[in-house]
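What follows is a single structure, written as structure tokens, with notes after it.
Numbers here simply count residues along the sequence, with the first being 1.
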Amino acid sequence: LLHQNVEDYLPLCDGYIWPGGSKIWPDFFPVLEDAIKHKKPVLGVCLGLQAIGSAFNLKEEKEKHPEKSFEAIKQLLKDTDHYLKKLEDPSFHSHYVTKEIATQDAARHVIQLKKETLFYKIMRQNELNVVSLHSFILPYVAKDVVVSAISEDNVIEAIEYTKDGAQILGVQYHPELENTSELFDWLVDACYHKTMFLVNKQNPIPKDYESRIMMYHSEYPRCGEKVI
């Protein structure tokens with residue numbers, strides 16, 4: 001998504017990946033609101049987890065202090081290490097890796113998953129040995145946001161928001177460096193599936209047609225027809 005007019009692109013999306021990076025852009029917060037409102041799945045990775053957590057924290061503080069501006073609340077959280085907190089000793093979590101497996105293995109550490117969470121249901125394991133590449137952490141979570149995994153040194157490693165059917169999940173580690181794809185499989189499966197069907201004289205538009213469904217107008221069932 002672009003940094004401008006993000007709202008224009010939201011109806012095109014069935015789910016979101018919030019990837020890692022070096023800066024949290026508040027312009028992307030409407031993505032989270034759209035995901036909650038329309039029950040779209042979100043997977044946050046590394047900074048993506050921190051962005052999701054920070055968005056909820058900022059929203060909670062804004063509700064406590066409606067008279068303060070968004071920027072004032074953000075600065076308040078920064079001043080008190082409640083926005084993102086820099087690790088005093090990042091050596092356990094911050095590593096440089098390449099495509100070489102040895103460098104990735106050197107960056108691994110164990111995290112403990114909490115049962116009865118979405119993350120646990122997806123991974124089906126009590127612990128994971130994951131690749132970690134960060135020097136900042138999310139220091140706390142807002143109300144209704146659940147910590148679903150922690151590291152051996154009590155760093156938040158996974159969070160989720162599932163209230164009222166929401167599907168928001170963030171992980172601090174890098175699942176793209178794993179040999180398995182459970183999280184990405186979950187994201188694809190959780191996306192709002194569209195249905196495509198043929199519309200012609202013998203196959204009219206169903207009475208229960210929903211706008212989310214793509215229709216092919218064709219006299220004959222053939223490929224390459226225009227989607228309307």
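A donor atom on one side chain and an acceptor atom on the other are not found under 3.5 Å apart for Thr180 and Glu178.
The residues Lys114 and Glu160 are annotated as not salt-bridged, no charged nitrogen and carboxylate oxygen being separated by less than 4.0 angstrom.
Remark: side-chain polar atoms of Lys40 are paired, donor with acceptor, to backbone N or O of Leu10 under 3.5 angstrom. Looking only at distances, a side-chain donor or acceptor of His134 sits under 3.5 Å from a matching main-chain atom of Phe136. In this structure, the side chain of Lys62 engages the main chain of Lys68 through a donor-acceptor pair within 3.5 Å. Between the side chain of Gln112 and the main chain of Glu152, no donor-acceptor pair closer than 3.5 Å is present.
Checked against side chain to side chain contact (heavy atoms under 4.5 Å, CB included), Gln104 has the following partners two or more places apart in sequence or in another chain: Val97, Ile101, Val131, Leu177. Under the rule for a side chain to side chain donor-acceptor pair (under 3.5 Å), the partners of Asp105 that lie at least two apart in sequence or sit in another chain are Arg108. For Lys163, the side chain to side chain donor-acceptor pair (under 3.5 Å) partners are Asp144, not counting sequence neighbours.
Here the side chains of Pro41 and Cys191 are in contact, with some heavy-atom distance below 4.5 Å. Considering only heavy atoms from C-beta on, Leu169 comes within 4.5 Å of Trp186 through its side chain. Using a 4.5 Å heavy-atom cutoff, the side chains of Ile52 and Tyr161 are not in contact. Inter-residue side-chain proximity for Ile168 and Trp18 is flagged as unmet; no heavy-atom pair is nearer than 4.5 Å.
The two atoms that bring Val141 and Asn57 nearest to each other are C-OD1, 3.6 Å, heavy atoms only. The minimum heavy-atom distance between Ser132 and His109, with the atom names listed, is CB-NE2, 3.1 Å.
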